[in-house]
Amino acid sequence: MAPRYHPTPLSGGDRKALGKELSKSRAMTTVLARRSEERRAEGEALIREADKLLAESWNERMWADGGPIDPSPSIDQAVNGGYSWIEIECSRCKTRREVDLAALRHPPTTAIHDLAGRLRCSKCAKAGRRPAATLLQITPRRRQAPET
């Protein structure tokens, strides 16, 4: 966008007044841009906190009621809130393990309760079975050591 053209007044007093107003306007742009950045940072922090509270709330409802509770946070909300791992249990062999939500090949807007039918036990898959996994909770970090 081209800068706005301000016709220069003929009188000296008016030229000085225009120059003052233009310098005030330029100074205000930096002040307003700084305030905008501060508010954006505050807003992002509030959104992260809201996503964290949503994940904690879902975990509490899972513990209290059991089963994949709908509605649940989406994958990107859980990761943004700091809960990037989901703990699952095989419905057949009862093996527990953690899955990295950020590494899943699902759209980030996928709700976590929708993953219940999609996640499978890798131990049972080697034996030729494909039982569905049960969702237990989402966690901020891995609890178990990686399998070797």
Side-chain angles (χ1 to χ4, degrees), residues 1-7 16-148:
M1 186 169 169
R4 187 169 176 169
Y5 174 71
H6 298 285
K16 287 180 186 176
L18 176 64
K20 254 184 175 177
E21 289 300 317
L22 288 175
S23 65
K24 277 186 195 177
S25 175
R26 289 183 185 114
M28 276 306 288
T29 59
T30 58
V31 169
L32 293 174
R34 190 177 328 113
R35 286 179 59 192
S36 171
E37 290 172 5
E38 291 169 359
R39 296 295 165 101
R40 185 171 308 281
E42 290 173 11
E44 289 171 358
L46 287 173
I47 289 171
R48 264 192 308 279
E49 183 181 353
D51 289 342
K52 180 182 179 198
L53 291 173
L54 182 62
E56 290 173 355
S57 167
W58 189 75
N59 276 342
E60 290 296 324
R61 283 187 290 150
M62 284 286 290
W63 181 80
D65 300 336
I69 305 296
D70 180 21
S72 65
S74 63
I75 292 173
D76 60 347
Q77 286 175 327
V79 171
N80 188 38
Y83 286 80
S84 57
W85 294 88
I86 185 165
E87 189 176 341
I88 62 172
E89 180 181 70
C90 176
S91 59
R92 181 178 172 273
C93 67
K94 304 299 181 201
T95 302
R96 288 186 177 205
R97 60 178 267 234
E98 288 86 16
V99 178
D100 186 6
L101 288 174
L104 290 178
R105 289 189 193 172
H106 295 287
T109 55
T110 303
I112 289 181
H113 73 272
D114 288 340
L115 297 174
R118 299 177 187 176
L119 297 175
R120 304 282 183 212
C121 175
S122 58
K123 186 177 175 183
C124 290
K126 289 177 185 174
R129 294 178 174 77
R130 303 278 295 163
T134 304
L135 303 180
L136 299 176
Q137 65 180 350
I138 48 180
T139 61
R141 61 188 173 280
R142 217 176 169 150
R143 293 180 187 241
Q144 298 175 356
E147 296 176 5
T148 55

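Small disclaimer: the values here were computed from a predicted structure and weren't measured.
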Between [atom1] on residue [X] and [atom2] on residue [Y], distance to nearest 0.5 Å:
X: Ser72; Y: Leu135; atom1: OG; atom2: CG; result: 8.5 Å
X: Asn59; Y: Gln137; atom1: CG; atom2: CD; result: 5.0 Å
X: Leu54; Y: Ile138; atom1: CG; atom2: CD1; result: 7.5 Å
X: Leu119; Y: Cys90; atom1: CG; atom2: SG; result: 11.5 Å

For [X], check side-chain contact (heavy atoms from CB on, under 4.5 Å) against everything at least two apart and list the hits.
X: Arg48; answer: Glu44, Ala45, Asn80
X: Leu53; answer: Glu49, Glu56
X: Arg105; answer: none
X: Thr110; answer: Ile75, His106, Pro107, Asp114, Leu115, Arg118

Worksheet item: Could you walk me through whether Ile88 and Arg97 pass the side-chain contact (heavy atoms from CB on, under 4.5 Å) check?
Response: CA-CA 6 Å; Ile88 62 172; Arg97 60 178 267 234; 4.0 Å; yes
Practice prompt. Report the residues that fulfil salt bridge (Lys or Arg N to Asp or Glu O under 4.0 Å) with Glu89, sequence neighbours left out, ordered by chain and then residue number.
Written response: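 Result, salt bridge (Lys or Arg N to Asp or Glu O under 4.0 Å) vs Glu89: Arg96.
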Fill in: salt bridge (Lys or Arg N to Asp or Glu O under 4.0 Å) against Lys94, all qualifying residues, sequence neighbours excluded
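Once residues adjacent in sequence are excluded, Lys94 has no partner under the salt bridge (Lys or Arg N to Asp or Glu O under 4.0 Å) criterion.
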Discussion item. Checking Asp76 now: which residues fulfil side-chain hydrogen bond (donor to acceptor under 3.5 Å, both in side chains) with it, not counting sequence neighbours?
Written reply: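 Asp76: side-chain hydrogen bond (donor to acceptor under 3.5 Å, both in side chains) contacts with Ser74.
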Worksheet item: Would you call Asp100 and Trp85 a side-chain contact if the rule is heavy atoms closer than 4.5 Å?
Response: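 A side-chain contact exists here, since the closest heavy-atom pair is under 4.5 Å.
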Discussion item. Using every non-hydrogen atom in the two residues, find where Pro71 and Trp58 come nearest and quote the distance to one decimal.
Written reply: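 Heavy atoms of Pro71 and Trp58 come nearest at O-CD1, 3.6 Å.
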Taking distance alone, no hydrogens or angles, what donor-acceptor pairs closer than 3.5 Å link side-chain atoms of residues 24-31 to residues at least two apart or in another chain?
residue: Thr29; atom: OG1; partner: Arg26; partner atom: O; Å: 2.5
residue: Thr30; atom: OG1; partner: Ala27; partner atom: O; Å: 2.7

